[in-house]
Amino acid sequence: MVIPKLSRRLGVWILRELSRAKSSPMRAGYVQSPYSQYLQPLTRINTFRGAIFQKHHHFSTTIVDNASKEGSEEKGKISVTFVDKDGEEKQIKVPIGMSMLQAAHENDIELEGACEGSLACSTCHVIVMDMEQYNKLEDPTDEENDMLDLAFGLTETSRLGCQVIAKPELDGIRLAIPAATRNFAVDGFVPKPH
């Protein structure tokens with residue numbers, strides 16, 4: 001009972017202070033409010049994906065500078081080659097940060113992903129064809145290893161496609177798709193991406 005009243009009073013006070021700050025004249029470069037001494041100048045505010053963040057928050061995570069990421073679209077993508085069960089290769093461009101499962105679905109590559117990347121199956125099992133590229137991947141988590149134990153055709157360089165995330169050092173990676181999964185045998189069935 002006390003907390004709702006307190007939070008309501010706090011909300012009313014904040015609204016009152018905000019409206020007072022809007023109606024009062026502003027000092028050059030600063031927001032006028034009782035706490036303006038703690039705010040950074042407006043020129044030091046960065047925009048990130050439509051939201052405004054101050055440059056130095058003590059509670060925030062890393063702020064990405066979009067200006068450094070602008071440029072050619074190719075800079076933000078890596079080349080990935082998928083090899084299907086028949087040995088046919090399909091080379092695609094994958095944006096940095098995207099999982100191989102999602103990239104396969106977006107490019108009509110037959111990689112099942114029954115759990116939709118929630119790490120609850122092994123149907124997106126892929127085999128990294130080059131040990132050097134495999135060593136550039138982060139180590140699999142215990143949960144991924146548990147699911148890999150259920151995978152059909154497990155190898156030393158097996159990974160789950162939903163856990164392999166595109167990063168610049170993986171440019172040129174080649175991934176083989178096993179002939180079958182534990183969910184079903186690939187015998188003409190074409191899975192539909194979600």
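Since this is a predicted model, take the numbers as computed values, not measurements.
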Engineer: Using links of under 4.5 Å between side-chain heavy atoms of ILVMFWY residues, direct or through other members, which residues join L148 in one cluster?
Structural biologist: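 Cluster partners of L148: L119, M147, L150, L154, L160.
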
Engineer: Within a 6.0 Å radius of atom CD on E156, are there more than 12 heavy atoms belonging to other residues, nucleotides or ligands?
Structural biologist: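 At most 12 heavy atoms, drawn from other residues, nucleotides or ligands, come within 6.0 Å of this atom.
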
Engineer: Keeping the roles fixed (side chain from D84, backbone from D86), state whether a donor-acceptor pair exists under 3.5 Å.
Structural biologist: yes

Engineer: For the residue pair C121 and A114, what are the closest heavy atoms and their distance?
Structural biologist: SG-N, 3.9 Å

Engineer: When rounded to the nearest 0.5 angstrom, what is the spacing between CD1 in I92 and CZ in F82?
Structural biologist: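 Spacing of CD1 (I92) from CZ (F82) equals 4.5 Å.
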
Engineer: With a 4.5 Å cut-off on side-chain heavy-atom distances among I, L, V, M, F, W and Y, is there a chain of contacts connecting L111 to L137?
Structural biologist: yes

Engineer: Checking the side chain of T123 only, and the main-chain atoms of G113 only, is there a donor and an acceptor separated by less than 3.5 Å?
Structural biologist: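 Confirmed, T123 side chain pairs with G113 backbone.
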
Engineer: Return the set of residues passing side-chain hydrogen bond (donor to acceptor under 3.5 Å, both in side chains) with E138 (not counting sequence neighbours), or none when no residue passes.
Structural biologist: none

Engineer: Under a single-linkage rule joining Ile, Leu, Val, Met, Phe, Trp and Tyr whose side-chain heavy atoms are separated by less than 4.5 Å, which residues share a cluster with I165?
Structural biologist: none

Engineer: Hey, any chance I78 and V83 share a hydrophobic cluster, counting ILVMFWY side chains that come within less than 4.5 Å of each other, even indirectly?
Structural biologist: no

Engineer: Could you report the tightest heavy-atom contact between C162 and G117, atom names first, then the distance?
Structural biologist: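 Looks like CB-CA, 3.6 Å.
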
Engineer: State which residues pass salt bridge (Lys or Arg N to Asp or Glu O under 4.0 Å) with K90; sequence neighbours excluded, sorted by chain then number.
Structural biologist: none

Engineer: Can you list every salt bridge (charged side-chain N to carboxylate O under 4.0 Å, His left out) pair that touches residues 140-149, not counting sequence neighbours?
Structural biologist: E144-R159

Engineer: Between M98 and M100, is there shared hydrophobic-cluster membership here, with clusters defined by ILVMFWY side-chain heavy atoms closer than 4.5 Å?
Structural biologist: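 Yes; M100 is reachable from M98 via cluster members.
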
Engineer: Between CD of E89 and CG of L175, what distance do you get to the nearest 0.5 Å?
Structural biologist: 11.5 Å

Engineer: Going by an N to O cut-off under 4.0 Å, is there a salt bridge joining K85 and E110?
Structural biologist: no

Engineer: How close do A166 and P95 get, counting heavy atoms only, and between which atoms?
Structural biologist: CB-O, 3.4 Å

Engineer: Under 4.5 Å between any side-chain heavy atoms of C124 and E112, yes or no?
Structural biologist: no

Engineer: Side chains of residues 125-134: which donor-acceptor pairs under 3.5 Å do they make with residues two or more places apart or in other chains?
Structural biologist:
from	atom 1	to	atom 2	distance (Å)
H125	ND1	F152	O	3.1
H125	NE2	S158	OG	2.7
D130	OD1	E132	N	3.2
Q133	NE2	D171	O	3.2

